[in-house]
Amino acid sequence: MLDKAFDPKSAEPRLYGLWEKSGAFSPVADPAAPPFSIVIPPPNVTGSLHIGHALNNTLQDVLTRFHRMRGAAALWLPGTDHAGIATQMVVERQLAASGNMGRRELGREAFVERVWAWKETSGGTITHQLRRLGASCDWSRERFTLDEGLSRAVRKVFVTLHRQKLIYRDKRLVNWDPQFQTAISDLEVEQREVDGHYWHFAYPLEDGSGEIVVATSRPETMLADTAVAVHPADARYAPLVGKCVRLPIVGRPVPIIADDYADPEKGSGAVKITPAHDFNDFKVGQRHRLPMINILDPFARLNENAPAAYRGLDRFEARKKVVAEFEALGLLRGVENVRHAVPHGDRSGAVVEPYLTDQWYVDAKTLAGPAIAAVEEGRTVFEPRHWEKTYFEWMRNIEPWCISRQLWWGHRIPAWYGPDGKIFVAESETEAKAAAAEHYGRDEPLRQDEDVLDTWFSSALWPFSTLGWPEMTDDLARFYPTHTLITGFDIIFFWVARMMMMGLHFTGEAPFGRVFINALIRDAEGAKMSKSKGNVMDPLELIDIYGADALRFTLTAMSGQARDIRLSTQRIEGYRNFATKLWNAARFCEINGCVAQAGFDPGAASAPVNRWIAGETVKTARAVTTALEACAFDDAASALYRFVWNVYCDWYLELAKPVLQGTDEAGKTETRAMAAFVLETVLKLLHPVMPFITEELWGQTAARAGMLIGASWPNLDDAWIDSAAEAEMDLVIGAIGSGRALRSELNVPPAARPTLLVTEADARQREVLQANTAVIGQMLRVAGLEFEATAGPGAVPYLAGGAAFALPVAEFIDLAAERSRLTKEIAARGADIERLSRKLANADFIARAPSEVVEENRERLTESEAVKVKLELALARLAALQ
RNA sequence: GGGCGGCUAGCUCAGCUGGUCAGAGCGCCUGGUUUACACCCAGGAGGUCGGGGGUUCGAACCCCUCGCCGCCCACCA
């Protein structure tokens, strides 16, 4: 006996345990089963589940469960990311908060141990939260980006790319984060609008013949200026090109050069050039072979290359001092307030400095070629498609990828330096030593590169490293390339693009056939959720309140093509109600003895209502299947919602009641079997989205061999769609529906039981209505049906399903209300007639529109005219009545 | 500066390749002790589909243009 209500709190952990224990999450071994695979976007190992994860993982689970039920060897491979900077930052903060030594004092080895310890304590959090969501990941295959297998893949890839000259060491400007004291990639730099100034500085010409004014928002960089540039075609400055200015404060002469980079329209038209501290200036410096003077240390303090008075000063202190000195020297020509973008580290929030260092780079340009082609040729398809433009845009303008990080938490770069600085890149120290010995002719001590790799380097290998690469494992052979990747648009560049490049380069195949980009979740007002704003919705809290199924259904239903989702608890509540509705439908079936019958053939049902619901079930199954195949998750959800609530519950079960309570035993048996069959089908179709409640009902409503998670997806026979049964049910449903609307509009008391007059109906229609007298009586609350009837005065007429009816309710109704209703209806029909006639009178329309469209319009006109005549008649009778 | 997305009932959104496409949920209003369900049932009101122009027999859907809103990339003279 089903409980009065579903209790997610107790059922969810129980059912999840059963699934996991049964091994249902692992792909079936059957070699004939087609493979289906998804790799999870690995969340940060020490993170916890936020609502975005809930969406992303719900969709992955929906697909995985769908394909599993369809008979695929379905693998959803889970795992976590070591998240270099993010995790190191957390542990550093912990050290600071607990008053312990900082990481430098602690030393590398001890610090890394601390991070591992933190990973051990908090590392399981997010994977356990995924379980609460119902994620059917194969935990036996769980991976971590720093585990041995993946680390080996990282080293192999690094060494290979290095050998192919696609990884190289280079000295150039990088984005330097002075807080973490590491280089970061372009993608990790976030431009933030801040209030600042342009300071206009006068640089006196060396020969004393005047001055040249330049503007800057970073005055301290003038200490490292090595030129002033003007545009070659700028007549104002032409005579000065080749001369020098004497750099104030520093006293160094620097040349005035001509370069296209200088924009005559901007500022004074002359621009200071600081090659070691500005990306544009760096290029100018290279073109003109200018000296590059680095005046900053890793903390962004002024170093020994700055004038003595500045050494050791923080960059912002130095900025103030430079401005003060210019003012004192009488060379400050103006200060302008501006709001401009300043680069910040996305993790640290510190202002990033362009900084000249040696780093490792990946030749992304070369790797991007095949990755662009794969999408151009449709071997990998983005969904929604428009994201391909974003992908192309970035890939076609890709810059070298700086992969070294001056951090301790991550994959140590497999490069060793000999005493003379020669680099030996190898998969192990042993190999590096062997190579060194061969090179030097004797054993020499080697020093491993101190740096680690960008977190995204190992993530880029995720689709194949997790399957066992570089070994050609069974999993790799079977599950690579993966079927679909589901992720957010915020990591298309960070992750998707790089997986494409690495996957193609190392396996020759794109890592996934399809990339589904899910939306970003915002709060009900459309604001991005953030802890600081306090508008975050905790998925676990939502699961506690509404159950995992309700949250999952909500996220699935709202996952349209839009870029963002505004989530409100109201919506979740509505889908919780939907789950309850399903539960109650199952209780109804149970109470009425509707149990799935093994040999039941829905296609052989005889009652029209049963033939009709069988057809509707086929259509729904088809719609859900098509939608899930296309990642149209919202369509799948709404097809299910509509069918369960508005078709099965509102109509089928209601129509079934008189049968189930009646005395026709054969009819009862068929209806019970059909009700159970449809419910069972619904449980299957709904299972990918609402796994818990459907599994629970599956187990409780019949003695079944296996769990629903392992049941097969409905593959129903289109032949069950019976258009004759549909027409019959249209008539019955129409007679009831339109009749109910009339009663309500005319305020006929609910207790009134008039007789329903059938004023026009053909033989078949009469037969159908006759057969459904009980149903109509119950649902429309009428005493009975009278055939061959004529509508007397005060009988309110209506049409439905091609037949005409009338409700004799004169004694109950407000005549004025009815008159106004009829008048309104007549006017509406009149408008229809007017519009349709005009259309049909248009010779172009007749000539050019397809004939079926013309025909359809003719039919509508005829029908409208007939209805209008009837309504006018009724109005006339009403007048007579008064 | 370059690119992308959005603007459809009070709110959140669906409307694929132009021809019942003007819809759903929530909210609102009216009425319900119909033995599965008040987390319910029945009914209802609400929109000239951002503005303007064009293409077409016909446009929410295609083109142009304007206006807002949002995002991404580039930009620190």
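Per chain, numbering begins at 1; letters A, B, ... match sequence-line order.
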| field | Partner of A/L542 under side chain to side chain contact (heavy atoms under 4.5 Å, CB included), chosen from A/L555, A/I572, A/T554 | value | A/I572
| request: Could you check whether the rings of A/Y641 and A/F553 sit parallel, tilted or perpendicular, using 30° and 60° as the cut-offs? | output: tilted
| Is the number of heavy atoms from other residues, nucleotides or ligands under 6.0 Å of A/Q191 CD greater than 12? | yes
| field | Sugar-phosphate only, base, or nothing, as touched by A/P850 at under 4.0 Å among non-hydrogen atoms | value | base
| message | Measuring only the C1' atom in each nucleotide, how far is B/U20 from B/C39? A whole number of Å is fine. | response | 34 Å
| request: Give one of base, sugar-phosphate or nothing for A/R743, where a contact means two heavy atoms less than 4.0 Å apart. | output: nothing
| query | Between A/A636 and A/V624, which heavy-atom pair has the shortest distance, and what is it? | reply | O-CG2, 4.1 Å
| remark: Heavy-atom nearest nucleotide on RNA chain B taken for A/V352 and for A/N592; more 5' hit belongs to A/N592
| A/M1 CE to B/A36 P, straight-line distance once rounded to whole Å | 11 Å
| A/R860 CZ to B/U20 C1', straight-line distance once rounded to whole Å | 5 Å
| request: Go through B/G19, B/C37, B/C71 for me and flag the one nearest to the A/K4 side chain. | output: B/C37
| note | Regarding the side chain of A/R566, the nearest nucleotide among B/A77, B/C13, B/A36 is B/C13
| said: B/U35, OP1 or OP2 - any side-chain N/O from A/K657 closer than 4.0 Å? | reply: no
| message | Checking side-chain polar atoms at under 3.5 Å, does A/S185 have a donor or acceptor matched by the opposite partner on A/E188? | response | yes
| Donor-acceptor pair under 3.5 Å: do we get one between A/K581's side chain and the base of B/C37? | yes
| request: Just compare B/A36, B/A14, B/G2 and give me whichever is closest to any side-chain atom of A/N584. | output: B/A36
| said: Need one value for A/Y546: base, sugar-phosphate or nothing, where a base atom within 4.0 Å counts as base even if backbone is also close, heavy atoms only. | reply: nothing
| Does B/G46 fall in syn (glycosidic angle within 90° of 0) or anti? | syn
| Among B/G5, B/C76, B/A77, which is the nearest nucleotide to the side chain of A/K389? | B/G5
| If you look at every strand shown and take non-hydrogen atoms under 4.0 Å, does A/S744 touch a base, only sugar-phosphate, or nothing? | sugar-phosphate
| Looking for any heavy atom pair under 4.0 Å, which part of the strands does A/R848 touch: base, sugar-phosphate only, or nothing? | base
| task | Please state the C1' separation for the pair B/C29 and B/U34 - nearest whole angstrom. | result | 23 Å
| request: Could you work out the separation of B/A14 and B/A22 based on their C1' atoms and round it to a whole Å? | output: 12 Å
| query | If we only count heavy atoms from C-beta on, is the A/M222 to A/F326 side-chain gap below 4.5 Å? | reply | yes
| task | Determine the Euclidean distance between corresponding C1' atoms of B/G47 and B/C11; express it in Å to zero decimal places. | result | 14 Å
| request: Could you check which of B/C57, B/C76, B/A77 has an atom nearest any side-chain atom of A/N842? | output: B/C57
| query | If you measure only the distance, is there a donor-acceptor pair under 3.5 Å linking the side chains of A/D634 and A/S559? | reply | no
| task | Using the P atoms only, state how far B/G5 lies from B/U65, rounded to an integer number of Å. | result | 15 Å
| query | Quick one: A/H344 NE2 to B/A74 C1', roughly how many Å, whole number? | reply | 17 Å
| B/U34, B/C76, B/C57: which one has an atom nearest the side-chain heavy atoms of A/F845? | B/C57
| message | Of the listed nucleotides (B/U56, B/A36, B/C13), which one gets closest to any side-chain atom of A/E654? | response | B/A36
| message | Need one value for A/D490: base, sugar-phosphate or nothing, where a base atom within 4.0 Å counts as base even if backbone is also close, heavy atoms only. | response | nothing
| field | For atom CZ of A/R315 and atom C1' of B/C76, their distance in whole Å | value | 13 Å
| task | Could you please name the option among B/C41, B/U12, B/C76 that lies closest to any side-chain atom of A/D650? | result | B/C41
| said: Would you say the rings of A/W387 and A/F489 are close, in the sense that their centroids are separated by under 6.0 Å? | reply: yes
| request: Would you indicate what A/C589 reaches in the nucleic acid, counting non-hydrogen atoms under 4.0 angstrom: base, sugar-phosphate, or nothing? | output: nothing
| Taking the side chain of A/R576 as heavy atoms from C-beta outward, which of B/C76, B/C37, B/C39 is closest to it? | B/C39
| field | Rounded distance (Å) that lies between atom P of B/U35 and atom CZ of A/R587 | value | 13 Å
| field | Nearest-nucleotide 5' precedence on RNA chain B, A/A262 against A/D186 | value | A/D186
Every protein N/O lying under 3.5 Å from an N/O of nucleotides 24-27 of chain B:
| unit_1 | atom_1 | unit_2 | atom_2 | d |
| --- | --- | --- | --- | --- |
| B/C26 | O2' | A/Q570 | OE1 | 2.8 |
| B/C26 | O2' | A/Q570 | NE2 | 3.0 |

| said: By the 4.0 Å heavy-atom rule, please label A/V342 as base, sugar-phosphate, or nothing. | reply: nothing
| Rounding to the closest angstrom, what is the interatomic distance between B/A9 and B/C66 at atom C1'? | 26 Å
| message | Distance check, C1' atoms only: B/C26 and B/U33, in whole angstrom units. | response | 27 Å
| task | Find the distance A/I517:CD1 to B/C72:P and express it as a whole number of Å. | result | 15 Å
| task | Can you run down the salt bridge (Lys or Arg N to Asp or Glu O under 4.0 Å) pairs that involve residues 331-343 of chain A, sequence neighbours left out, and say none if there aren't any? | result | A/D195-A/R339, A/E211-A/R333
| If you look at every strand shown and take non-hydrogen atoms under 4.0 Å, does A/A585 touch a base, only sugar-phosphate, or nothing? | base
| query | Between A/F588 (CZ) and B/C37 (C1'), how many Å, whole number? | reply | 11 Å
| At under 4.0 Å between heavy atoms, what does A/Q191 touch on the DNA or RNA strands: base, sugar-phosphate, or nothing? | base
| message | Categorize A/T390 for me: base, sugar-phosphate, or nothing, with a 4.0 angstrom heavy-atom threshold over every strand shown. | response | nothing
| Going by atom types only, do A/D549 and A/Y575 share a side-chain donor-acceptor pair under 3.5 Å? | no
| note | Whole-Å distance, A/Q661 CD to B/U34 C1', equals 10 Å
| is_close_aromatic(A/F493, A/Y391), centroid dist under 6.0 Å | no
| task | Please state whether the rings of A/W199 and A/H197 are parallel, tilted or perpendicular, taking 30° and 60° as the class boundaries. | result | tilted
| task | Can you run through RNA chain B from 5' to 3' and write each base as (, ), [, ], | or . depending on how it pairs? Watson-Crick or G-U wobble, both distances under 3.5 Å. | result | (((((((..((((.....[...)))).(((((.......))))).....(((((..]....))))))))))))....
| query | Counting only distance, no hydrogens or angles, is the base of B/A74 paired donor-acceptor with the side chain of A/E399 under 3.5 Å? | reply | no
| field | Near-ring test A/F516/A/F633, centroid separation under 6.0 angstrom | value | yes
| Can you tell me how far the CZ atom of A/F578 sits from the CG atom of A/L582, to the nearest 0.5 Å? | 6.0 Å
| field | Nearest-angstrom distance, C1' atom, B/G15 to B/G54 | value | 24 Å
| field | Per A/R740 side chain, nearest of listed nucleotides B/G43, B/C76, B/C37 | value | B/G43
